[in-house]
Amino acid sequence: MNIHEYQAKELLQKFGVATPRGKAASTPEEAEQAARELGTDDLVVKAQIHAGGRGKGTFANGFKGGVHLCKSPAEARAIASKMLGQTLVTHQTGSAGRVVNKVLVAESAEIAREIYFAILLDRATAAPIIVASTEGGVEIETVAEKSPEKILREKIEPLAGLQAYQTRKLAKQLGFESSQLKAAAKLFDGLYRTFMACDCSMVEVNPLVVTPKGEVLALDAKFNFDDNALYRHPELAALRDIAEEDPREVEASKHGLNYIGLDGNIACLVNGAGLAMATMDIIKFYGGSPANFLDVGGGATEEQVTEAFKILVSDDKVKAILVNIFGGIMKCDVIAQGIINAVKTVNLPVPLVVRLEGTNMEAGKKLIAESGLAVIAADDLGDAAQKVVKAAEGK
Amino acid sequence: MSVLVDKNTRLVVQGITGSAGGFHARSCMEYGTNVVAGVTPGKGGQMFDGKVPVFDTVWEARQETDCNVSVIFVPAAGAADGILEAVDAGVKLVICITEGIPVMDMMRVKAQMAGKPSRLIGPNCPGIITPGACKIGIMPGYIHKAGSVGVISRSGTLTYEAVWQLTSRGHGQSTCIGIGGDPINGMSHLDAVKLFNDDPETDSMILIGEIGGTAEEEAAEWIKENCKKPVAAFIAGATAPAGRRMGHAGAIVSGGQGTAAGKIEALKRAGIAVAETPATMAETLIARMKGKS
C-alpha cells in the first residue's frame, strides 16, 4: 500500500522527523487559508497523487507542473484551482494520468544541499538496510548507473536495531558538518523508528535537505507498507486512497481476489500466483496480450469465482477469456459452477477457453458440458494459450 | 530416494484443530504420512480423529512423541511464533504453509534461527512431498509418482503443473520442495539444489522461479561450478509490470532488480535448460537428460 506525501509527512512528524510545515487542501479556498496560516511568503503548492515525476508532469487542461513555488496566499489559491479536480500526467502515471483531489500547501524550504536517504528491507540479507547518497533530488537508479561509488549501504542488525554510532557515521559519510550532526542523527533515527513501527518495506526520503541555516529536513517522503502487516495497523490502513487505484482492482480486493489490471485483451482467471503469472507469460509467448493478472487463490468459493468472472467480462478491452485451473485444494467443479453462475447473470460477450486439471477435473468438465455454455475446451496449458490467442484474434 | 522427508518422518501438525490444519492433516495421513502429534494451545489432551494426540505446546509433543518434522497451519498473526516454538523444541525440519505473515516477523524469525540446527521451509508454500512415502502440505498427492527428478519451486500450482507434466510422461519425482513465495523465507533454491545434488537417488532437477530477489541467480552460480546433474528451469513473470506485487509478497521487480529476463540469462549462462513456456517444463528437462539441448 502507498500513501500521499502529506500523509507521509504527518506520519513522520509523529516520530520526530523534521519536515517543512504544511497542510493539505481539497479546495482553492482551503489552499489559500492554509497558506495564510503558514505566515510566510515562501510557499510551495504540490499536487497529491501516488506517482513520482510530479514536478515535470502536465495537467490535461494544459497547466504545466504539479509542483509550483509561489509568494502569497492568493497565488496559492490560483495555482490550487488549476490543479484540483484536474488530471495530472507524469512519466509514472501512464497516459491516463491521475485526478488530483488534494494539494499540499507548504513552506518552501531553502536548499543548500540535497541528500538521498532510504531504508528498505533487504531480501538477500533478511535485514533492514539504509541506502543513502550525497546525490539527492534525482532518482537513485540514475545515481546507481552513473556513479555507483556515491551510494552508501549500512546494514542494520534485525534484533539489535539501528545503533547511535551508525547514525553518526552515516551523517559524516554524507558530508554533514559537526554542528549538523545531532539534527541529522535524530532524523535518521526517527526514520528508522517509523520504518519499524509501521511495518514498512521501504521509506524513501528524496530529497532530504540541509537549509542554509543548517536545518535538516525531509522535503519529500515515499512509503511502501507491507500489506501482510496492515491488519495490525488500522490507522495506516485508513490512509488508503482507493481513488488512486484501478477500479477493477478495488472491486476485486472487496471479494478477496488478487487482481492486477494490464493493458491487453485476453483476460485470465487462474489459481495460484505463480501459475497466474506463467499463464500471462504463455499468452504473450503465443502472440497475445494479457488483460490482467488474477489469482483466485487456493480456497476460492463459487461466489468469489462468480465475482472474479464479472470483473473480467466488465472490461471492454477484453476479446477472449482463459480460465486455467490446476486444482489442488481448489476443486475444478467449484470453479466450473462459479463460471456457470456468473454467465447466468452477465452475458458472455467473448469466447471462453477453459482448461481444467487436477482435483475433481471430470466433475468440472461435466458441469460445463451440461450447462450448455459455449466453451472452448483445452487439453493442456499450451493448447489453452494457443486457443485463446486465436479466439481473441477472431479466428 | 529422497531428501528431507521419508518413511521415517514423524510429523507434528501445528494448528491441527483448525479447519485448514485438520483438512490437510487428514489428507497427509491418507497419503501415508506418519502424523504422530498435533498442537493447539488450550486443546491439549484431545485426540484428533481419534488417532492423533493433541498437545498444548510443541515442547510437550516433542517429548511425548519424538516428532522430528513440523508443519504449520497457524493463522498469519501467530505463525512466526509457531516457527520459533518448533525450533525451540528441537524439531529439525519446520514447514510453514501459512500465507500472509508480516515480513518483519519473518526477518526476526530468520535472525533468531541463525546458528540453530533446525531448517525452515516456507512460509507461504505448498510444502514438501516424497512421492509414495511422505506428503507434508497442501499439494494433491495423486499427481505425483515416485522417481528421480528433484523439483524446487517458489509457486504451488506451478509446481503441480511441472509435476503433472513429468508424471504424464512417465518421469517420477524424488522429492518436490515448495520453498514459498515470500521475500524472506527459510530454505532457498540453492539450499535445495545442494541437497538434490548430494542425493544419490536424484538424477535431475527442475527449478521453478519467479520475478523478485536474487535466489535463482545464486542457485545458478553454484550449479555452474558444482552440479553435474541435468537441470531445467522456468521463471514466471516475464510479462509482470515493474513495481507491482504479483500475488506473492516476494514476486516484485523493484528498481530494475529481479526481472525474469535477468534470471533467465543467469540460468542460461550456468548451462541450465530454460523452458520457453510453463507448458514445456518437463519436455525441456527430458530433452536435456537425453543430451538434446
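For clarity, every value in this text was computed on a predicted model and none was experimentally measured. Order of the sequence lines fixes the chain letters, A, B, ..., with proteins taken first and strands second; residue numbering starts at 1 for each chain.
- Only the side chain of E249(A) has a heavy atom closer than 4.5 Å to any heavy atom of chain B.
- Heavy-atom pairs under 4.5 Å with chain A peak, among R154(B), R244(B), H248(B), at R244(B).
- Contact of Q165(B) with chain A is not made at all, since no heavy-atom distance falls under 4.5 Å.
- Contacts between N258(A) and chain B at a heavy-atom distance below 4.5 Å involve the side chain alone, from C-beta outward.
- With respect to chain A, the highest number of heavy-atom pairs below 4.5 Å among P278(B), A279(B), P140(B) belongs to P278(B).
- Summarising the geometry, atom CG belonging to D122(A) is positioned 14.0 Å from atom CE belonging to M202(A); distances are rounded to the nearest 0.5 Å.
- When heavy atoms are compared at a cutoff of 4.5 Å, M196(A) approaches chain B by way of both its backbone and its side chain.
- Of all residues in residues 150-160 of chain A, those placing a non-hydrogen atom less than 4.5 angstrom from a non-hydrogen atom of chain B are P158(A), L159(A).
- Looking at R245(B), both its backbone and its side chain come within 4.5 Å of chain A, counting heavy atoms on both sides.
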Side-chain atoms of residues 15-29 of chain B: list all donor-acceptor pairs with protein atoms under 3.5 Å, sequence neighbours left out, distances to 0.1 Å.
{"from": "T17(B)", "atom 1": "OG1", "to": "T40(B)", "atom 2": "OG1", "distance (Å)": "2.8"}
{"from": "R26(B)", "atom 1": "NE", "to": "D49(B)", "atom 2": "OD1", "distance (Å)": "3.4"}
{"from": "R26(B)", "atom 1": "NE", "to": "D49(B)", "atom 2": "OD2", "distance (Å)": "2.6"}
{"from": "R26(B)", "atom 1": "NH2", "to": "D49(B)", "atom 2": "OD1", "distance (Å)": "3.1"}
{"from": "S27(B)", "atom 1": "OG", "to": "K135(B)", "atom 2": "NZ", "distance (Å)": "3.2"}

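- Contacts between F225(A) and chain B at a heavy-atom distance below 4.5 Å are absent for every atom of the residue.
- Q304(A) contributes a side-chain N or O that, together with a main-chain N or O of T301(A), makes up a donor-acceptor pair within less than 3.5 Å.
- The pair R355(A)-E161(B) counts as a salt bridge, with a side-chain nitrogen and a carboxylate oxygen less than 4.0 angstrom apart.
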